[in-house]
Amino acid sequence: MSVSVSPQAAMGPKLLGGLALVLALWLGWQAWVRNLDEACRLNEWPYLARCAAQHDAPPAAQAAALLQRLADNPGDSSAAVALAVLASEQPDGRVAGVDADAALDAALKVAPQNGAVLSLQASRALRQQQWTQALDPLIRLTQFHQSNAAASLIGQLMANAAQAPGLQQALEAAAQTDGRWLARVIYQMPKDKIPVAHAMPAVAQAMAHGRLDTALGRFLIQRLKADGQWLEAYGVWQHLWNRPLALLFNGDFEQAFLPGGFDWEPGQNNAHRAGAQVMRAGRSDRGQVLQVSFTGRPMAAYVVRQDMLLTPGSYRFSGDYRVSDLRSQQGLAWVFACASGNREIARTAPMLPEGRNWQSQTLDFTVPPDCGLGVTLSLRTQAPYEATAGMRGDALFDRLRLERREGGSPP
């Protein structure tokens, strides 16, 4: 899958390291600040600098007290964590002869899952651009501490991975073994205004190793389509079904609709108040068909639609319909449009009441090169005013097909 890189990603490894360090330090602070404030309130760690309002001892005195606690009880995990935090807060990374790295290593032995320790561990590895060692604690923060800050930082790393040797490989390797952390990161990326396309190399590995669930896949498809990444979105859709797919999906309406992908989606979701109620209905001679019941209420601009991935070229659309019970002046039409800009490129002849027999129709059309890969097919009222005014009756549709025409290669 191809992934476009935003200008945000155009930075060198040194700048990336600086950015990652700043974010990691902020992440670390967010991870431990709540715990430390609570510790101050309970007077559990009376020698921490953050408890200065209650205890004004200088850092050296705080460190001496913590070292004494550790001498009395080498397994005192709260003292080991507090000492690691205290050393990391000092400008030169040392306090009372204790080095921040040594204090962190000691804390890792007695409190390896502590949020503050994990944050310090990630910060140190990021500072040294040791990506695998940094991702491990960051992933644990996202999974076991539900840290959105850690997820945000991994998203930033994904956005800049192309500029940091070894980072992309580390991200992909992590995605092969567990998809849960990847889901939290991807759900966080839009909140941080990071295109989810930056996660696609890791997603590809997750898919290859069976680590991508349907919910995350549908979310990815929606975000990728919104960002114009139609090829990547359709790749995820194919993975979810794991079988060859027709250009027009579920045209026989034999399976339930799966929203958020490349399947049918109604224009209105509230079935009780919708001007056009969309459902699948059984017919003895046809199996399942699409039934649209018009209630007389105003309706959305389209009744039902499907997004498709179509390369430029010539196509033939065909299908059956029955609108004998529809009270409409100008009827209905299937409309093809470019997903980007909603520019119409073709529509069928109006479907009007013509007795109680099924009717067939065919439409030849061309997708122009400037349309992009995303095309929508939607059922609409032929006259826009009828959508606003509403109409009554029922319409049935079945056996919709889309095929590339012979000689229909891109012009």
Side-chain angles (χ1 to χ4, degrees), residues 16-17 19-39 75-85 87-88 100-161 164 166-189 191-192 194 198-199 201-203 205-206 209-213 215-216:
L16 170 61
L19 171 65
L21 174 59
V22 170
L23 288 172
L25 291 174
W26 175 80
L27 157 68
W29 180 254
Q30 293 299 313
W32 69 61
V33 66
R34 182 176 58 201
N35 293 336
L36 297 191
D37 286 343
E38 181 66 9
D76 188 342
S77 60
S78 64
V81 173
L83 185 62
V85 171
S88 72
D101 285 334
L104 174 57
D105 290 336
L108 280 168
K109 293 179 180 179
V110 295
Q113 298 300 334
N114 179 276
V117 172
L118 290 172
S119 299
L120 288 173
Q121 184 184 10
S123 296
R124 179 170 68 180
L126 286 168
R127 185 168 56 247
Q128 299 169 352
Q129 297 191 19
Q130 296 177 338
W131 308 121
T132 300
Q133 293 84 341
L135 285 173
D136 178 65
L138 287 174
I139 288 172
R140 281 188 280 164
L141 282 167
T142 65
Q143 287 185 287
F144 307 125
H145 295 267
Q146 291 76 50
S147 172
N148 290 333
S152 292
L153 181 50
I154 296 175
Q156 291 284 353
L157 292 173
M158 285 180 169
N160 294 284
L167 176 54
Q168 189 63 71
Q169 292 88 333
L171 288 164
E172 293 178 18
Q176 294 175 13
T177 58
D178 195 330
R180 291 171 295 175
W181 69 268
L182 185 60
R184 180 176 288 274
V185 170
I186 290 173
Y187 289 138
Q188 182 66 31
M189 291 174 82
K191 301 175 185 177
D192 297 332
I194 300 174
H198 289 296
V203 169
Q205 292 299 318
H209 290 78
R211 307 293 183 184
L212 186 74
D213 61 33
L216 178 58

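None of these values were measured; they are calculated from a predicted model.
Between Leu141 atom CG and Leu153 atom CG the span is 9.5 Å, to the nearest 0.5 Å. For the atom pair Leu157 CG and Gln168 CD, the distance stands at 10.5 Å (nearest 0.5 Å). Distance CZ/Arg124 to OG/Ser88: 11.5 Å, rounded to 0.5 Å. Residue Ser78 holds its OG atom at 11.0 Å from CG of Leu83, rounded to the nearest 0.5 Å. Distance check, rounded to the nearest 0.5 Å: CG of Leu120 to CG of Leu104 gives 5.5 Å. Going from atom CD1 of Ile154 over to atom CG of Leu182 covers 9.0 Å, rounded to the nearest 0.5 Å.
With sequence neighbours left out, Gln176 forms a side-chain hydrogen bond (donor to acceptor under 3.5 Å, both in side chains) with Gln205. Every residue meeting the side-chain hydrogen bond (donor to acceptor under 3.5 Å, both in side chains) condition with Arg184, not counting sequence neighbours, appears here in chain and number order: Asn148. With sequence neighbours left out, Gln113 forms a side-chain hydrogen bond (donor to acceptor under 3.5 Å, both in side chains) with no residue at all. Under the side-chain hydrogen bond (donor to acceptor under 3.5 Å, both in side chains) criterion, Asp213 pairs with no residue at all, not counting sequence neighbours. Take Ala183 and apply the side chain to side chain contact (heavy atoms under 4.5 Å, CB included) test, not counting sequence neighbours, and it matches Tyr187, Leu216. Evaluation of the side chain to side chain contact (heavy atoms under 4.5 Å, CB included) rule for Gln143 yields Ile139, Asp178, Arg180, Trp181 as partners, not counting sequence neighbours. With sequence neighbours left out, the salt bridge (charged side-chain N to carboxylate O under 4.0 Å, His left out) criterion links Arg140 to Asp136. In this structure, Ala106 has no side chain to side chain contact (heavy atoms under 4.5 Å, CB included) partners at least two apart in sequence or on a different chain.
The minimum heavy-atom distance between Ala159 and Ile194, with the atom names listed, is CB-CG2, 4.0 Å. Minimum heavy-atom separation, Val81 to Ala111: CG2-CB, 3.8 Å.
Applying the salt bridge (Lys or Arg N to Asp or Glu O under 4.0 Å) definition to pairs two or more places apart or across chains, none involves residues 112-122.
Contact annotation: the side chain of His198 never approaches that of Leu171 to less than 4.5 Å [non-hydrogen atoms, C-beta and beyond]. Side-chain contact check for Leu118 versus His145: some heavy-atom pair is nearer than 4.5 Å. Contact annotation: the side chain of Ile186 approaches that of Val203 to within less than 4.5 Å [non-hydrogen atoms, C-beta and beyond]. Val185 has its side chain within reach of Met158: a pair of non-hydrogen atoms, C-beta onward, lies under 4.5 Å apart.
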